[in-house]
Amino acid sequence: MRLSRSLIIGAVLSAAVLAMALLSFAWTPYSHTAMNIPDKLQTPSAAHWLGTDHFGRDILSMVMVGARTSIAVALVAVGIGIALGVPLGLAAAARRGTWLDEVIMRGNDLIFAFPSLVIAILITAIFGPGAVNAIIAIGIFNIPVFARVTRGGALSLWEREFVMAARVAGKSTPRISFEHILPNVTNLLIVQGTIQFSLGILAEAALSYVGLGAQPPTPSWGRMLADAQTMVALAPHIALVPGLAIVLTVLGLNLMGDGLRDLLDPRIRVQR
Amino acid sequence: MLRYALKRLTSLVISLAFASLVIFFVTEVAPGDPARFMLGMNAQEDTVAALRSELGLDGSKAERYLDWVSGMAVGDFGTSYTYRTSVGGMIADRLWISLPLALYALALSTAIAFPAGIYAAARRGRPGDMGVMGATQLGIAVPNFWFAMMLVLIFAINLRWFSAGGFPGWDKGLWTGIKALTLPAIALALPQAAILARVMRSSLLDTLGEDFMRTARAKGLTRRQALWRHGLRNALIPVLTIIGLQFSFLLAGAIIIEQVFYLPGLGRLVFQSITQRDLIVVESVVMLLVFSVILVNFLVDLAYAAVDPRLRQRA
């Protein structure tokens with residue numbers, strides 16, 4: 001099994017962002033909230049590797065702590081999608097062709113029809129801005145994605161011999177779903193999870209940018225960009241750094257998702 | 001075909017009904033009473049009650065929902081709590097910016113994606129293909145509002161080719177309007193163009209492997225001739241579906257991009273109404289966006305069925 005180049009690059013980028021987020025719990029060059037007005041809007045230097053913002057806060061420290069927010073929001077949103085979407089998908093596949101399948105899949109179609117960002121804006125606007133509401137707003141739209149992927153993968157498995165054997169052995173449908181079907185769709189879920197994770201990072205950034213994501217003093221990449229907007233002419237680096245952090249994270253996750261799909265989906269491997 | 005269309009129409013109506021229920025009730029549970037918000041915290045109870053009655057807020061939830069939905073069905077979106085003017089009028093004014101912006105971005109995205117996708121497919125596995133695919137990976141990873149800020153930095157602040165934001169109005173001339181929407185449209189189009197180019201490429205590659213392409217080559221057409229005469233037309237079907245779906249991303253994306261460029265479109269109207277607790281405007285704009293998305297998807301489904309008989313039979 002050969003690891004593809006995109007998997008390696010993607011995994012390295014993603015690991016670097018994760019390491020940066022984890023390191024920020026133990027160490028950041030400066031406190032991410034410490035203001036130092038005399039040192040404001042400094043360009044990158046030995047003292048401040050990525051410069052300072054309009055309050056003199058160290059941008060590297062803010063980006064490091066901001067990675068935590070982005071990862072946490074996107075990760076929990078993916079968790080919501082998996083926790084609710086996978087059982088729904090398994091149930092729909094187990095009862096394929098029945099009213100249950102129809103209700104679950106039509107419900108999915110309905111959620112798919114909504115422009116997710118608009119609804120996320122509605123939810124966070126109504127229930128108040130904040131990381132928790134952002135998670136819920138992003139997470140809701142992950143549910144149908146995982147339900148559909150799980151059902152799609154599970155349908156053909158139900159026709160396979162090992163499932164028949166489990167049935168003959170007297171196992172119940174839910175037990176077969178969890179013991180035999182679920183492990184066999186895990187690969188699909190890992191690939192989809194990576195993609196949804198990267199979409200979650202982008203969605204969190206967009207919500208924070210319009211002021212509906214994590215609130216101060218919790219730093220987030222989206223809000224750093226919103227703060228930078230009026231300063232961009234004076235100090236381009238304060239807009240450049242958080243933006244590049246988002247791009248590299250999402251790029252890393254997408255490359256990793258592509259690489260994992262090539263690695264885990266035998267059909268694609270054969271085609272190559 | 002008629003049966004298929006009717007089936008899709010039923011699902012369109014169900015989707016719309018469901019969407020309106022969700023939007024209405026999500027907005028209803030919002031903390032804060034619009035009447036009290038407008039009058040301030042020290043207002044007398046009876047004044048607040050009178051305003052609530054005037055705004056039509058004192059009816060039961062079911063009554064108000066039916067009022068709202070039946071009004072919208074005939075184009076009456078109600079009256080804004082804050083500005084006391086017709087919500088329909090406010091939306092129409094803003095639509096003159098948001099809609100051209102979304103369409104402009106759609107045109108740009110298609111204009112970039114088609115040649116890029118075709119070029120990559122024709123050079124599969126070669127450096128040209130890898131270059132295009134690498135660029136699309138980057139395009140998908142870039143948040144469009146950040147890209148917008150970078151465009152402002154380069155083309156408005158440094159080069160001074162465009163203004164950094166705002167909209168002069170269509171009455172200042174078509175060209176002035178288009179110019180003001182150019183940077184926002186480019187920012188909006190980039191991620192969609194990247195996705196579309198990838199779809200175009202993979203769809204063309206799928207088509208290139210089909211039997212009729214082999215037949216075309218066997219008849220003596222060159223690779224390029226076969227690609228243009230037979231491959232492209234067949235590859236377009238899934239691409240057109242994606243273009244339809246992208247419309248929803250563009251409208252939603254426009255909400256964020258309008259913030260970057262201070263464009264007085266639907267997005268700014270939504271955010272402004274949220275801060276003023278002008279919930280009827282928020283509800284109506286969101287419903288309009290959802291409606292247009294569901295409608296476009298419906299039309300795409302119909303168009304798809306019209307060109308691909310297999311879909312009609314399955315239904």
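Proteins get letters first, then strands, A, B, ... in listed order; numbering begins at 1 in each.
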- residues 247-255 of chain A vs chain B, non-hydrogen distance cutoff under 4.5 Å, contacting residues -> V247(A), V250(A), L251(A), N254(A), L255(A)
- Note on the structure: Value for CZ (F18(B)) from CD1 (I111(A)), rounded to nearest 0.5 Å, stands at 6.0 Å
- Message: Sub-4.5 Å heavy-atom contacts with chain B: which residues of residues 98-108 of chain A show up?
- Response: none
- Message: What part of F271(B) gets within 4.5 angstrom of chain A, counting heavy atoms only: side chain, backbone, both, or neither?
- Response: side chain
- Item | Choice from V152(B), T275(B), V260(B), N297(B) maximising heavy atom contacts with chain A below 4.5 Å | V260(B)
- Heavy-atom pair of closest approach, residues A239(A) and M150(B): CB-CE, 3.9 Å
- Contact origin within I140(B) toward chain A - heavy atom pairs under 4.5 Å: both
- Query: Mind checking which of residues 206-216 of chain A sit less than 4.5 Å from chain B, heavy atom to heavy atom?
  - Reply: A206(A), Y209(A), V210(A), L212(A)
- Item | V285(B) portion near chain A, given a 4.5 angstrom heavy-atom threshold | neither
- Note on the structure: Taken in chain and number order and not counting sequence neighbours, the residues that satisfy ring-ring contact (aromatic ring centres under 6.0 Å, His included) with Y65(B) are F24(B)
- Task: Could you check L153(B), I157(B), N158(B), I154(B) and say which one makes a side chain to side chain contact (heavy atoms under 4.5 Å, CB included) with P236(A)?
- Result: L153(B)
- Query: Closest approach of Q229(A) and Q259(B), non-hydrogen atoms and distance?
  - Reply: NE2-O, 3.9 Å
- Message: Out of I246(A), L240(A), I123(A), return the one with the most heavy atom pairs under 4.5 angstrom to chain B.
- Response: L240(A)
- Where on V282(B) is there a heavy atom nearer than 4.5 Å to chain A: the side chain, the backbone, both, or neither? side chain
